Amino acid sequence: MSEKTFQIKDYIFSQAAVNQLATDNRLEENWPVVYQISNNREIYIGETTNLKNRMNQHLANTEKSSLQHGTFRVVFDETFNKSVALDLESYLIQYFSGDGKYKVLNRNSGMCDRNYYDKQNYRKTFEEIWNRLRELKIADKTIAEINNSELFKFSPYKNLNFEQLNVVTEIVQNIDEAINDDKKSLSIIDGDAGTGKTIVIMYLAKLLADLQSFDDLNDSIEDESNFDVFFEVEHINQSFKNKRIALIVPQPSLCSRIQKIFKKIDLGGADIRIFSPVQFGKSDDNFDITLVDEAHLLKVGVTGTLGKQVHEIDQKLFGNTGIHSELDWIMKKSKNVVLVYSNQQRIRPTNINNSDIAKYAEEFERRDYYLKTQMRSIGGKAYIDYIYGIFSNNFRPLNKELFDNFDARIFDDIHDFVSEMQKRESESGLARMVAGFAWKWNSKNDKTAYDFQIDGVNFRWNSTQQNWIGSANAANEVGCIYTVQGDDLNYVGIIIGEDLIYRDGKLKFNKQACADSGAMKRSQRQVANNETISEDDLLEQILRTYRILMNRAVKGVYIYACDDELRQYLKQYFNNY
């Protein structure tokens, strides 16, 4: 399949043009094809084995009326079969969504990663098709640019693997049953870093919006859809009508980015709102379905600048200003809740824990799901487990392991470390230096200041907390755990400060070198119960932070450890530069 076998033809999206489609042309009448219908602002992508009939159906659909007299563009290829057409349809939906030139009108009716004969070669053809669409000025960005964009990474149009598909299917069924039985439900999605928990919650948000806005009279769902039963079975479809849906994102920077992304997506008028936890608590509305991404970052008894707002929310919801968590607000105002929660990704004592969730066992019918398939790191699940063992005093690997096509190295010289990260940035983009919070953030108030120096090399913390990874100078700065959790990076260059050291065969937390007051700050609940944070707790927090930072990497991780003994320990497990 090295030679191009496809052709792309344009037609006017009108009844007259559709009537003229050749009935004696097997590609136009009875062959798997993929098409796009677009005007200047919107696009719909589909596949069919009968182009003329499908276009007539779209012309009769009032939801597609805005596209009439626009263009319908068809990709023909004599080598296509039904599986290829379905895969190309899914591929184009994802990349048009990530490109951002058009608002994509497709529903999330069941995009899933499918295997079929010669898929790898067909995917090369898909790339050629995308490049041809760019030449025709129908798409703007390259595939590499889209893959690195947050619009693509957080898009609800991603393909699901079968593990994710099963989780989404069961959760929708659970919510449907709870609505019809007038009960409350709680679904917990757990899994290692990189298993696609955020993909699932974004996909689920769009799917629920589609179920809410679906109109049986003016729309249709293909038989091949994985979720066609939810749209076509009347009682399930009706379960989601007129329901209030909330999506909560605890990280302020990520929340604002998700809000912007969903503004570029057609939700069909569905009632879905995106909040930070405080915005949700302050809202006067209750919700039928509430989805929470990164729920392990929800807080207990927030103080500081948000203290006044938190007390006002507690007073409004509970009639007192006692110690409540942001999870308590969510459960109080919601009937059906879906939490992405991983205890291994809690980073501070003020974050909620397992007991905060467990207390709702009687009021909410709970189901738990665990995702295992690694989707982020080329190193796979083996790399994630390897990192966990290395940054542990209990389950260390017996031998050094290498991972195919995943570049993991440790550096003795900080100059080499910085130079290699700059090379990776120029080659593939999204190569970012990150570090544990072992130095004060002096540049927060003085933009000309540097925050720390290592062997004559000056470093500055992230100059913004709003989408730092995509900011103009990010490749020259250093991000912390608060700026990168939940994001993917092609290459992670991690500087391990002297907050983590190695002595007498054990990893230890060095309190004197920690500049993050939040890491040692007790929650209000701990203060009220006169609980202390033990040395073991502090060590586990810092180890968890470094694991999370290292698990952001897709293609490779470069390590520089400030503590000499720690660097020697890590050399047992990583190739030296």
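Both backbone and side-chain heavy atoms feed into the values below; hydrogens, waters and symmetry mates do not. Residues: numbered from 1 along the sequence shown. For clarity, every value in this text was computed on a predicted model and none was experimentally measured.
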What is the distance from atom [atom1] of [X] to atom [atom2] of [Y], rounded to the nearest 0.5 Å?
X      : Y      : atom1 : atom2 : answer
Phe280 : Phe275 : CZ    : CZ    : 7.0 Å
Ile258 : Leu247 : CD1   : CG    : 7.0 Å
Met375 : Asp192 : CE    : CG    : 14.0 Å
Ile542 : Ile481 : CD1   : CD1   : 9.5 Å
Leu339 : Leu298 : CG    : CG    : 7.5 Å
Thr545 : Gln345 : OG1   : CD    : 11.0 Å

Using modelled atom types only, decide if a donor and an acceptor are shared between the side chain of [X] and the backbone of [Y] within a distance under 3.5 Å.
X      : Y      : result
Arg134 : Asp140 : yes
Asn148 : Ser428 : yes
Thr483 : Gly479 : no
Asn490 : Val554 : no
Arg346 : Ile352 : yes
Lys511 : Glu535 : no

Within a radius of less than 6.0 Å around [atom1] of [X], do more than 12 heavy atoms belonging to other residues, nucleotides or ligands occur?
X      : atom1 : value
Lys260 : NZ    : no
Lys359 : NZ    : yes
Gln120 : CD    : no

Donor-acceptor side-chain pairing of [X] and [Y] below 3.5 angstrom:
X      : Y      : value
Arg348 : Tyr482 : yes
Gln466 : Ser256 : yes
Glu477 : Trp461 : no
His311 : Gln309 : no
Asp536 : Ser534 : no
Trp329 : Asp314 : yes
Asn343 : Tyr341 : yes
Thr464 : Ser471 : no
Asn576 : Asp412 : yes
Gln453 : Asn458 : yes
Arg396 : Tyr569 : yes

Quick one: are [X] and [Y] in side-chain contact, heavy atoms under 4.5 Å?
X      : Y      : answer
Leu371 : Glu163 : yes
Ser377 : Asn551 : no
Ser276 : Cys255 : yes
Gln164 : Tyr369 : no
Ile548 : Val484 : no
Cys562 : Ile496 : no
Lys119 : Asp87  : yes
Ile501 : Arg503 : yes

Is the distance between the ring centroids of [X] and [Y] under 6.0 Å?
X      : Y      : answer
Trp130 : Phe96  : yes
Tyr558 : Phe411 : yes
Phe152 : Tyr95  : yes
Phe403 : Tyr386 : yes

Q: State whether Tyr388 and Arg547 meet the cation-pi test: NZ (Lys) or CZ (Arg) under 6.0 Å from the six-membered ring centroid, and within 45° of the perpendicular axis.
A: yes
*Answer yes or no on whether Arg460 is positioned over the face of Tyr450, meaning its NZ or CZ is under 6.0 Å from the six-membered ring centre and within 45° of the axis.*
yes
Run the numbers on Asp499 and Trp439 for side chain to side chain contact (heavy atoms under 4.5 Å, CB included), then give the verdict. CA-CA 9 Å; Asp499 52 347; Trp439 299 273; over 6 Å; no
Residues pairing under salt bridge (Lys or Arg N to Asp or Glu O under 4.0 Å) where one sits in residues 433-453, two or more places apart or in two chains, turn out to be none
Check this for me: does any side-chain nitrogen of one of [X] and [Y] sit under 4.0 Å from a carboxylate oxygen of the other?
X      : Y      : value
Glu420 : Arg409 : yes
Asp328 : Lys332 : no
Glu127 : Arg123 : no
Glu128 : Lys124 : no
Arg257 : Asp487 : yes

- Are Ser325 and Asp356 close enough, and set up right, to give a side-chain hydrogen bond (donor to acceptor under 3.5 Å, both in side chains), and what steps lead you there? CA-CA 8 Å; Ser325 70; Asp356 291 300; 4.8 Å; no
- Run the numbers on Glu150 and Lys153 for salt bridge (Lys or Arg N to Asp or Glu O under 4.0 Å), then give the verdict. CA-CA 5 Å; Glu150 66 175 22; Lys153 290 180 183 298; over 6 Å; no
Residue set satisfying side-chain hydrogen bond (donor to acceptor under 3.5 Å, both in side chains) with Lys400, at least two apart, ordered chain then number -> Asn575
side-chain hydrogen bond (donor to acceptor under 3.5 Å, both in side chains) filter on Lys264, not counting sequence neighbours, yields none
Note to self: As a quick check of understanding, evaluate side chain to side chain contact (heavy atoms under 4.5 Å, CB included) for Gln485 and Leu297, giving each step before the final call.
What the structure shows: CA-CA 10 Å; Gln485 190 167 11; Leu297 300 182; 3.5 Å; yes
Could you walk me through whether Lys206 and Ser155 pass the side chain to side chain contact (heavy atoms under 4.5 Å, CB included) test, one step at a time?
CA-CA 10 Å; Lys206 178 67 165 66; Ser155 169; over 6 Å; no
Decide side chain to side chain contact (heavy atoms under 4.5 Å, CB included) for Val337 and Met331; before the verdict, give the C-alpha distance in whole Å, the side-chain angles of both, and the deciding distance to 0.1 Å. CA-CA 7 Å; Val337 178; Met331 306 306 276; 3.8 Å; yes
**Prompt:** Can Asp563 and Arg567 be said to form a salt bridge (Lys or Arg N to Asp or Glu O under 4.0 Å), step by step?
**Reply:** CA-CA 6 Å; Asp563 179 62; Arg567 194 181 317 135; over 6 Å; no
